[in-house]
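Just so it is clear, the values below take in all heavy atoms, side chains as well, and ignore hydrogens, waters and symmetry mates. Naming convention: chains lettered A, B, ... in sequence-line order (proteins, then strands); numbering from 1 in each chain. As the structure is a computational prediction, the values presented were derived from the model and not from experiment.
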There are 2 protein chains.
Amino acid sequence: MRKEHFDQIGRAVEALKKKGGVNVCYFVACGGSQAVLMAGQYIFDKETKVPSHVYTANEFVYDTPESLNENSLVISCSHSGNTPETVEATRLARERGAMTIALSNSEESELWNAAEYPVHYDWGKEVSDSDKNKGILYGLLFSLLKVLEPKEKWDVCLRELDKLTELSEKAKTQYQEQAKQWAKENKREKLIYTIGSGINYGEVYSTAMCWFMEMQWIHSGCIHSGDYFHGPFEVTDYDVPFLLVKSIGNTRFLDQRVENFSAKYSRKMLILDQKELPLDNVAQEAKPYLAAILSGVVIRVFVEAIAFERGHSLDVRRYMWHMEY
Amino acid sequence: MRKEHFDQIGRAVEALKKKGGVNVCYFVACGGSQAVLMAGQYIFDKETKVPSHVYTANEFVYDTPESLNENSLVISCSHSGNTPETVEATRLARERGAMTIALSNSEESELWNAAEYPVHYDWGKEVSDSDKNKGILYGLLFSLLKVLEPKEKWDVCLRELDKLTELSEKAKTQYQEQAKQWAKENKREKLIYTIGSGINYGEVYSTAMCWFMEMQWIHSGCIHSGDYFHGPFEVTDYDVPFLLVKSIGNTRFLDQRVENFSAKYSRKMLILDQKELPLDNVAQEAKPYLAAILSGVVIRVFVEAIAFERGHSLDVRRYMWHMEY
C-alpha cells in the first residue's frame with residue numbers, strides 16, 4: 001500500500017481509537033461500490049461485536065436508520081466521488097455526528113469533501129492491486145479491526161494484501177483458457193444467474209447487477225447459496241446457466257450443496273472453486289479474504305471473454321451517462 | 001388476533017421486559033419465510049436503536065455472527081416448523097443464550113420445541129388475516145416495540161391489524177380485472193423482474209424467488225429501487241417485463257424515479273401503487289405497514305391469474321418435496 005493511502009487510513013484509525021469504539025457501522029453506496037462494501041459488512045458481522053448494515057445510499061437518505069448518531073461509523077464509497085446519493089448520505093451521516101470514512105478514486109470530488117476521513121484508492125493498469133478499491137477497503141477494515149478486536153491476525157492479513165498484484169496475475173493466467181471456452185459456449189445466452197455465500201455474496205451480486213445486466217445486457221439475478229433450495233432452484237434445468245463461487249470459508253458447505261444438486265440437474269453450472277486459486281503462499285488466516293478479492297479478478301476474466309465473443313464492449317451503455325434519470 | 005396468539009406473544013413481551021432490552025436482533029429463516037421477516041428487519045432499523053440483520057438460516061448456522069449471545073434476540077420462522085436449517089439456527093441461538101422467538105403454523109414441530117417463545121399462526125381460507133403469518137409477525141413486532149420504543153402509535157397499529165381480512169378482500173376484488181388482463185398479456189413471458197424498496201423489499205424478494213422462480217418457473221431477479229439506476233436499469237427495454245411496488249412510505253421517491261424512467265423506456269412495467277390500496281379508514285401511522293401486507297395480497301392476485309393463464313398450478317414442483325438435496 002502506498003504511503004499516502006496508509007496515512008489516510010491511519011487518520012481514520014486514530015480517530016476511532018480516540019472515540020473509543022462505535023455502536024453500529026453502516027456501509028453505504030450504490031451499485032458496484034455497494035457490492036464491494038458488502039464484504040465489509042460480512043467482516044464486521046463475523047469478526048466484531050459491532051452490528052453493521054449495508055444500505056443502498058438513497059434508502060439511507062430517504063429512510064434513515066434510527067440508530068444513526070455520534071456513536072455510528074459510516075463507510076461510503078464512490079469511484080468518481082460524485083454519485084449524488086452517496087454524497088448526500090455521507091453529508092447526512094456527518095451532520096448527525098457519525099464518524100464518516102469515504103473511499104474514492106477522486107480527491108477533488110464532492111464525496112471527498114463530504115467525509116471527515118476520505119481515503120483514496122488507485123485505478124488503472126499500472127498500479128498495485130493493494131492500492132485499488134478492494135485492496136484499500138480490506139486494508140482499512142483490517143486496520144479498524146486492530147482497534148475494535150485486537151488480534152495478531154490483522155497484521156498478518158494487512159501484510160498479505162501486498163501479494164495481491166502477483167496473485168491476480170497468476171489467477172488471470174490460470175483461468176484464461178477456461179474462460180475463453182466458457183465464453184464461446186455461452187455467448188448466445190440471454191440469462192445467467194449468479195450464486196454465492198458469505199464474504200463472496202458481494203462479488204456475485206456485482207456480477208449479476210453490474211457485469212451481466214449493466215455491461216452486457218444479459219439478464220441475471222443473484223441468489224444466496226443458502227436460499228437456493230428454498231425457491232430459486234426450481235428454475236434449474238440442464239440448459240439454464242449459473243455461475244457459482246464456491247467458498248473456502250465457513251459457508252463452503254452451502255456452496256457444495258448447490259454444486260451437488262447441479263451435478264444431477266444442470267449442464268450449465270460454472271463453478272469457480274476458491275480452492276483452486278493460487279493461495280499456497282498466503283497465510284491461512286488471510287486466505288478467505290484474498291480468495292474473495294481474487295474471485296472478483298477471475299470473474300472479470302470470464303466477463304471480458306464473453307464480452308469479446310459477443311462483440312459487446314464492457315464500456316457500452318444505453319442509458320447510463322447518456323441522459324438524465 | 002386470537003387469544004392463544006395474543007398470549008403467546010405476551011409471554012415473549014414479558015420476557016423482553018424482564019431482560020431489559022437486547023443489543024441486536026437477528027431475523028433468521030429460509031426462502032419465503034425469510035422474505036416475510038425482512039419487514040421485521042426494516043421496522044427494527046427504522047423504529048428502534050436495536051441494530052438488526054436478516055440471515056438465511058444456513059449462513060447463520062455455518063458462519064455465526066460474533067454478536068450472538070445472551071444479549072441478542074433471534075426471531076425465526078418456518079411454516080411447517082421442520083425446515084432443518086431454521087430449526088438448527090434456532091437451537092444454536094438458544095444454546096448461546098439468546099432470547100429465541102419462533103413463528104410457525106405447527107405446534108408440534110421441531111422449531112416449536114427449539115424456541116423458548118414459540119408463536120403460532122393460522123393458515124387457510126377461513127381464518128382472519130390478522131392471525132396469519134404476516135398479521136402475527138407485525139403483531140409481535142408492534143408488541144415488542146411497545147417495550148423497546150414505547151409510543152402510543154404501536155397500540156394504534158396493533159388495533160388496525162384487525163382490519164386486515166376486510167381490507168384484503170377489498171384489495172383482491174379491486175385488482176381482479178387488472179390482474180386477469182396482465183396475466184393474459186404476459187403469460188408467454190420467460191422472465192419478469194421485481195422492484196421495490198423499504199418495507200416492501202421482502203414482498204418483491206419473495207415475488208421473484210418464490211412466486212415466479214419456484215412456483216411458475218419464470219426467470220426473475222429482485223432489484224432494489226435505489227440500486228436500479230446503478231446497473232440493472234441497463235436491461236430495461238420496451239419488451240422486458242417488471243413488477244414495481246410503489247411505496248406510500250419514505251422511499252416512495254425511489255420508486256417514483258423508477259416509474260418515471262420506465263414511462264419513457266418500457267411498455268411492460270406493472271406498477272402496484274400503494275396509494276391505490278383501500279386504506280382510507282386506516283389510521284395514518286399504520287398505513288405503511290398495512291400497505292406492505294396488502295401489497296403481498298395484491299401480488300398474489302396477479303400471480304394466481306398468471307398461473308391460471310399458463311396452466312401451471314402454484315402447487316407444482318419438480319425438485320422440492322420430491323427428492324433429497
Side-chain angles (χ1 to χ4, degrees), chain A residues 23-24 30-32 34 45-53 56-59 62-63 65-67 83 85 191 193 197-198 206 208-210 213-215 217-224 226-227 229-236 240 249-251 253-254 257 260-261 265 317-320 325, chain B residues 23-24 30-32 34 45-53 56-59 62-67 83 85 191 197-198 206 208-210 213-215 217-224 226-227 229-236 240 249-251 253-254 257 260-261 265 317-320 325:
Chain A
N23 290 348
V24 61
C30 298
Q34 187 195 181
D45 228 33
K46 301 302 157 62
E47 296 290 349
T48 80
K49 289 211 162 53
V50 181
S52 71
H53 208 96
T56 183
N58 237 11
E59 179 146 337
Y62 279 84
D63 212 357
E66 179 70 12
S67 294
T83 311
E85 300 94 320
L191 173 142
Y193 286 109
S197 64
S206 67
M209 303 285 168
C210 303
M213 294 171 78
E214 175 185 337
M215 302 188 202
W217 308 348
I218 293 173
H219 293 301
S220 190
C222 178
I223 303 163
H224 194 290
D227 235 24
F229 294 102
H230 297 277
F233 80 142
E234 281 284 330
V235 299
T236 307
V240 178
N250 295 338
T251 57
F253 172 77
L254 281 66
R257 232 183 124 195
N260 294 349
F261 183 82
Y265 304 106
R317 302 289 186 281
R318 46 183 158 182
Y319 309 118
M320 196 179 269
Y325 44 81
Chain B
N23 289 350
V24 61
C30 298
Q34 186 194 179
D45 227 33
K46 301 302 157 60
E47 296 291 349
T48 80
K49 291 212 162 54
V50 180
S52 71
H53 206 97
T56 184
N58 236 12
E59 178 144 339
Y62 279 84
D63 212 356
T64 311
E66 179 70 12
S67 293
T83 311
E85 300 95 319
L191 173 143
S197 64
S206 66
M209 303 286 169
C210 302
M213 294 171 78
E214 175 185 338
M215 302 189 201
W217 308 349
I218 293 173
H219 294 300
S220 190
C222 178
I223 303 164
H224 193 291
D227 236 23
F229 293 103
H230 297 278
F233 81 141
E234 281 284 329
V235 299
T236 306
V240 178
N250 294 339
T251 58
F253 172 78
L254 282 65
R257 231 181 124 195
N260 294 349
F261 182 81
Y265 304 105
R317 302 289 185 283
R318 46 182 158 182
Y319 309 118
M320 198 178 269
Y325 45 80

Quick one: sort the A:Tyr62 and B:Phe253 rings into parallel, tilted or perpendicular, breaks at 30° and 60°. parallel
Taking B:Glu234 for its side chain and A:Met215 for its backbone only, find out whether a donor-acceptor pair lies under 3.5 Å. no
Parallel, tilted or perpendicular: ring planes of B:Phe229 versus A:Tyr325, cut at 30 and 60 degrees: parallel
Residue B:Ser52 versus chain A: region with a heavy atom under 4.5 Å: backbone
Chain B: which of A:Gly249, A:Gly226, A:Pro232 shares the most heavy-atom pairs with it under 4.5 Å? A:Pro232
Measure B:Glu47 against the heavy atoms of chain A and call it side chain, backbone, both or neither at under 4.5 Å. backbone
Do B:His224 and A:Glu59 pair up side chain to side chain, a donor and an acceptor below 3.5 Å, judged on atom types alone? yes
I need the A:His230 NE2 to B:Met209 CE distance, nearest 0.5 Å. 13.0 Å
Relative to chain A, which segment of B:Val50 carries a heavy atom at a distance below 4.5 Å: side chain, backbone, both, or neither? backbone
So A:Arg257 and B:Asn58, side-chain contact (heavy atoms from CB on, under 4.5 Å) or not? Walk me through it. CA-CA 11 Å; A:Arg257 232 183 124 195; B:Asn58 236 12; 4.0 Å; yes
Give the member of A:Val24, A:Leu254, A:Asn260 that has the highest number of heavy-atom pairs under 4.5 Å with chain B. A:Leu254
Less than 4.5 Å to any heavy atom of chain B: does that hold for the side chain of A:Arg317, its backbone, both, or neither? both
Are A:Thr56 and B:Asp227 close enough that a side-chain donor and a side-chain acceptor fall under 3.5 Å? yes
Mind ranking A:Cys222, A:Cys210, A:Gly221, A:Ser220 by heavy-atom pairs under 4.5 Å with chain B and telling me who comes out on top? A:Ser220
Measure distances from B:Ser197 to the heavy atoms of chain A and classify the residue's part below 4.5 Å as side chain, backbone, both or neither. both
Are any side-chain N or O atoms of A:Tyr265 and backbone N or O atoms of B:Tyr319, one a donor and one an acceptor, separated by less than 3.5 Å? no
Engaged part of B:Arg318 at the chain A interface, taking heavy atoms whose separation is under 4.5 Å: both
Checking heavy atoms, do the side chain of A:Thr83, its backbone, both or neither come under 4.5 Å from chain B? side chain
Below 4.5 Å from any heavy atom of chain A, which atoms of B:Asp45 appear? Answer side chain, backbone, both or neither. both
